[in-house]
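Working notes, beginning with the structure itself.
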Amino acid sequence: MLEVKPIPAEGLTIADAARRSGVSAHTLRYYERAGLVVTDVDRTAGGRRRYRQLDLDWIKICTKLRATGMPIKTIRRYAELITAGRGNEPERLALLEEHRADVLAKLAELQENLKLIERKIGVYRGRLEAGDADGLWAPARPG
């Protein structure tokens with residue numbers, strides 16, 4: 001479960017940021033190395049990362065985009081556009097609209113797959129209730 005305690009003034013360690021964001025410390029480091037982070041993550045004098053709320057907010061966006069199937073390359077492009085600042089909002093919008101179309105297509109495919117599963121469940125329930133489930137098709141084993 002994600003924590004909601006305020007972030008201390010000195011920021012969060014990578015372990016605490018991982019706990020709060022729901023991703024591993026390895027993933028946080030990877031996001032930074034892969035150019036997905038739009039903020040400059042603060043560092044201590046010893047070089048240890050310190051995460052702020054803005055960092056966690058962006059990580060949440062990245063994880064949601066990944067969870068919906070956006071490729072790392074596209075998230076990187078989106079991060080580059082944001083980092084570049086004002087003036088590229090139409091390109092950002094186009095990128096997000098294209099991804100939305102991909103997500104909607106995947107949802108439609110999942111809905112079709114779900115319909116098949118629902119039909120199969122109905123068949124099994126009906127046959128079990130009728131007492132003749134043993135008559136359901138099963139492939140014959142060779143030999």
Side-chain angles (χ1 to χ4, degrees), residues 1-129 133-143:
M1 178 143 186
L2 300 179
E3 297 181 35
V4 290
K5 294 189 298 191
I7 293 177
E10 68 274 9
L12 297 172
T13 66
I14 194 165
D16 289 336
R19 244 186 317 281
R20 287 205 191 192
S21 65
V23 300
S24 68
H26 172 77
T27 299
L28 292 174
R29 286 185 201 97
Y30 172 75
Y31 279 6
E32 197 173 338
R33 278 192 321 272
L36 307 184
V37 181
V38 297
T39 57
D40 288 328
V41 175
D42 289 342
R43 299 216 180 226
T44 65
R48 296 189 181 268
R49 292 169 176 86
R50 300 303 287 190
Y51 290 85
R52 309 281 180 202
Q53 186 62 53
L54 185 61
D55 304 317
L56 297 182
D57 292 344
W58 178 253
I59 289 161
K60 180 179 180 181
I61 291 169
C62 287
T63 57
K64 297 293 183 186
L65 293 174
R66 280 298 297 143
T68 56
M70 184 180 277
I72 293 291
K73 178 181 173 183
T74 307
I75 298 172
R76 183 180 305 115
R77 178 66 186 139
Y78 185 52
E80 288 168 354
L81 291 168
I82 289 170
T83 303
R86 294 185 169 99
N88 60 27
E89 292 82 0
E91 192 174 348
R92 293 184 214 176
L93 175 61
L95 183 147
L96 291 171
E97 287 177 334
E98 183 177 328
H99 182 61
R100 179 183 57 190
D102 291 344
V103 170
L104 288 171
K106 288 175 190 167
L107 284 171
E109 182 179 353
L110 283 172
Q111 287 293 336
E112 282 302 310
N113 296 341
L114 182 59
K115 286 179 191 177
L116 173 98
I117 293 167
E118 295 289 350
R119 282 195 302 274
K120 295 301 286 179
I121 288 171
V123 168
Y124 277 88
R125 280 198 177 127
R127 298 297 284 273
L128 285 167
E129 288 172 10
D134 60 341
L136 290 169
W137 176 80
R141 298 200 182 262

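All values below come from the heavy atoms of this structure, side chains included, with hydrogens, waters and symmetry mates left out.
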Could I get the full list of side-chain contact (heavy atoms from CB on, under 4.5 Å) partners for [X], not counting sequence neighbours?
{"X": "Pro8", "value": "Glu10, Leu12"}
{"X": "Lys64", "value": "Lys60"}
{"X": "Glu89", "value": "Arg86, Arg92"}
{"X": "Ala15", "value": "Thr13, Arg19"}

Closest non-hydrogen atom pair between [X] and [Y], with its separation:
{"X": "Asn88", "Y": "Ala84", "result": "ND2-CB, 3.7 Å"}
{"X": "Ser21", "Y": "Ile59", "result": "CB-CG2, 3.9 Å"}
{"X": "Ser24", "Y": "Ala18", "result": "C-CB, 3.8 Å"}
{"X": "Ala133", "Y": "Leu128", "result": "CB-CD2, 3.5 Å"}

**Request:** For the pair Thr63 and Tyr31, evaluate side-chain contact (heavy atoms from CB on, under 4.5 Å) and give the outcome as yes or no after the intermediate values.
**Result:** CA-CA 10 Å; Thr63 57; Tyr31 279 6; 3.6 Å; yes
**Any Met70 side-chain heavy atom under 4.5 Å of Leu95 side chain** =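 SC-SC contact between Met70 and Leu95 confirmed.
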Drop me the distance from [X]'s [atom1] to [Y]'s [atom2], to the nearest 0.5 angstrom.
{"X": "Arg127", "Y": "Leu136", "atom1": "CZ", "atom2": "CG", "value": "4.5 Å"}
{"X": "Ile61", "Y": "Ile82", "atom1": "CD1", "atom2": "CD1", "value": "6.5 Å"}
{"X": "Asp55", "Y": "Ile7", "atom1": "CG", "atom2": "CD1", "value": "8.0 Å"}

**Request:** Enumerate the residue pairs fulfilling ring pair (Phe, Tyr, Trp, His ring centres under 6.0 Å) with a member in residues 109-129, sequence neighbours excluded, ordered by first and then second residue.
**Result:**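 Qualifying pairs, neighbours excluded: none.
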**Contact list for residues 75-97, test ring pair (Phe, Tyr, Trp, His ring centres under 6.0 Å), sequence neighbours left out** =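 The answer is Trp58-Tyr78.
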Table please: side-chain donor-acceptor pairs of residues 98-106 below 3.5 Å, with sequence neighbours left out.
from	atom 1	to	atom 2	distance (Å)
His99	NE2	Thr68	OG1	2.7

**Item:** Enclosure of Arg125 CZ (heavy-atom neighbours >12, cutoff 6.0 Å)
**Value:**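 Counting neighbours around CZ of Arg125, 12 or fewer heavy atoms of other residues, nucleotides or ligands fall under 6.0 Å, so no.
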Identify, with sequence neighbours excluded, every residue that meets salt bridge (Lys or Arg N to Asp or Glu O under 4.0 Å) alongside [X].
{"X": "Glu97", "answer": "none"}
{"X": "Arg66", "answer": "none"}
{"X": "Arg77", "answer": "Glu80, Glu91"}

**Message:** Please list all pairs meeting side-chain hydrogen bond (donor to acceptor under 3.5 Å, both in side chains) that have one or both residues in residues 109-118, counting only residues at least two apart or in different chains.
**Reply:**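 Matches after skipping sequence neighbours: Glu112-Lys115.
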Contacts table for residues 41-48: side-chain donor-acceptor under 3.5 angstrom, sequence neighbours left out:
from	atom 1	to	atom 2	distance (Å)
Asp42	OD2	Arg52	NE	2.7
Asp42	OD2	Arg52	NH2	2.9
Arg43	NH1	Gly47	O	3.0
Arg43	NH2	Glu32	OE2	3.1
Thr44	OG1	Gly46	N	3.2
Thr44	OG1	Gly47	N	3.4
Thr44	OG1	Arg48	N	3.1

